[in-house]
Number of protein chains: 2
Amino acid sequence: MDLQKFIEVNGTLVQIKKGELVFAQGELCDYVYLVKTGLLKAFYLTENGKETIKSFIQSGTIIGSLNAAHCQIPSTFSLEALEGCILIQVPFRALLALSKESISISQELIQILLSLSLKKERREFELLTLSATQRFENLCSAEPDLVKKLTQNDIAKYLGITPVALSRIKHK
Amino acid sequence: MDLQKFIEVNGTLVQIKKGELVFAQGELCDYVYLVKTGLLKAFYLTENGKETIKSFIQSGTIIGSLNAAHCQIPSTFSLEALEGCILIQVPFRALLALSKESISISQELIQILLSLSLKKERREFELLTLSATQRFENLCSAEPDLVKKLTQNDIAKYLGITPVALSRIKHK
DNA sequence: GGTGTGCATTAACCTATGTTAAAACTGACA
DNA sequence: TGTCAGTTTTAACATAGGTTAATGCACACC
């Protein structure tokens, strides 16, 4: 049995309306979610109230505050639905426990973590070496359909700039 | 047997002199390294020849271009010794193979990947939400002894700014 | 059709950081 | 001791992006 199947069989269905939070920064969150349908954003709020977006999560993805769940610490980010979403929720510890018993699940978990680390590496690289303009162009060519669905506000927060700056960039 | 032990027993010793590369960006690199002694930097070179530092690697750490090794693609970064280093090298596929046979190794690999993702998450957060000044202060308080060993050039490249900008920040 | 709310654009001004280049400093070594 | 290479500092100027605020636009709702 694969991981996705396991979650579907053993998890519980959760419906989230547009604008609602799945979990909030500062909360403990022991669950991992499989996104069946919908679109979400994972974002940070800094002390001075500024929001920056960590990532957008599309259907088919497994998402959760893995570190929070694993270390039993409060999540560093919030997860919000940008559209109505259907998720399947399963405790992270159930996954870990399962992985202790099944090599194939362990292997799959390793695959997921490796591909997660690949994604983060790309993002780190872009933040470190590219200008906002280049990051925007990259995003547009890598995820054209996603970009269409987002507000410029959210795109800007993802790029690490203000909506005003993004508007300027687009204008050129 | 734990992972570190496995590497020590099955790996081969590699000595790297200061300034030499362990592997270079663009190369295939199937190995994972355990740092016995020394200090290294992992860095990107952009097309226009600019260097940015992804991370510093201190002794006791396991390092490698995991994604490159796993996906059999060229490494996106280079690894260079900042001091004379002693490393132990082992093929990544040997680790993966081992993890397929041993649950405990799988679990350890999962732990390593989780803590790696935690580190990257922190860095992403800092790049996304903090100013260069704040990032510098964070680094100084989190890794005071590491900072002492580095040149300002390398610190700047790690923070994502120029040495000139770092000098200005320090001056204040 | 009118009104309100949220989003996008534009403009004016400000600040952080980049760029280039020169000068000062440091340590290695003949 | 003098010289050289590498590193750090300083200065002057250029640019990207932030901040604030005003305006424009679009859609929902009365």
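Labels below follow one simple rule: chain letters A, B, ... track the order of the sequence lines, proteins then strands, and each chain is numbered from 1.
Among C:dA8, C:dT19, D:dG17, the nucleotide with an atom closest to any side-chain atom of A:Gln152 is C:dA8. Comparing atom distances between the A:Arg168 side chain and each of C:dT17, D:dG18, C:dT10 picks out D:dG18 as nearest. Residue A:Val164 places its side chain closer to D:dA21 than to any other of D:dG18, C:dT20, D:dA21. Here the nucleotide nearest the side chain of B:Ile169, chosen from D:dT7, C:dT17, C:dA11, is C:dT17. Among the nucleotides D:dT9, C:dG18, C:dT10, the one closest to the side chain of A:His171 is C:dT10. Comparing D:dT8, D:dG18, D:dT20 against the side chain of B:Thr151 picks out D:dT8 as the nearest.
Note on A:Phe23: it does not cluster hydrophobically with A:Ile88, by side-chain heavy-atom contacts below 4.5 Å among ILVMFWY residues. Cluster annotation: B:Ile169 and B:Leu146 are assigned to the same hydrophobic cluster (Ile/Leu/Val/Met/Phe/Trp/Tyr, side-chain heavy-atom contacts under 4.5 Å, transitive).
For the pair B:Ile161 CD1 and D:dT15 P, the computed distance is 21 Å after rounding to whole Å. Between the CD atom of B:Gln134 and the P atom of C:dT17 there is a distance of 10 Å, rounded to whole Å. Between the P atom of D:dG18 and the CD atom of A:Glu51 lies a distance of 15 Å, rounded to the nearest Å. Nucleotide D:dT9 holds its P atom 10 Å from the CD1 atom of B:Ile155, rounded to whole Å. For the pair A:Lys18 NZ and D:dA28 P, the interatomic distance rounds to 10 Å; values are reported in whole Å. The nearest whole Å value for the distance from the CG atom in A:Leu166 to the C1' atom in D:dT19 is 16 Å. Residue A:Glu137 contributes atom CD, which lies 15 Å from atom C1' of D:dA16 at whole-angstrom precision. When rounded to the nearest whole Å, the span between NZ of A:Lys170 and C1' of C:dA8 equals 8 Å.
Nucleic acid contact for B:Thr162: base, since at least one base atom lies under 4.0 Å from a heavy atom of the residue.
When each of A:Asp154 and B:Lys50 is assigned the nucleotide of DNA chain C bearing its nearest heavy atom, the one mapping closer to the 5' terminus is A:Asp154.
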Could you walk me through whether A:Phe43 and A:Tyr158 pass ring pair (Phe, Tyr, Trp, His ring centres under 6.0 Å), step by step?
-> CA-CA 9 Å; A:Phe43 64 97; A:Tyr158 177 75; over 10 Å; no
Cut-off 3.5 Å, no hydrogens considered: what does the side-chain donor-acceptor table look like for residues 109-119 of chain A, sequence neighbours left out?
from, atom 1, to, atom 2, distance (Å)
A:Gln111, OE1, B:His70, NE2, 3.0
A:Ser115, OG, A:Ile112, O, 3.1
A:Ser117, OG, A:Leu114, O, 3.3

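Rounded to the nearest 0.5 Å, atoms CD1 (B:Ile155) and OG1 (B:Thr151) are 7.0 Å apart.
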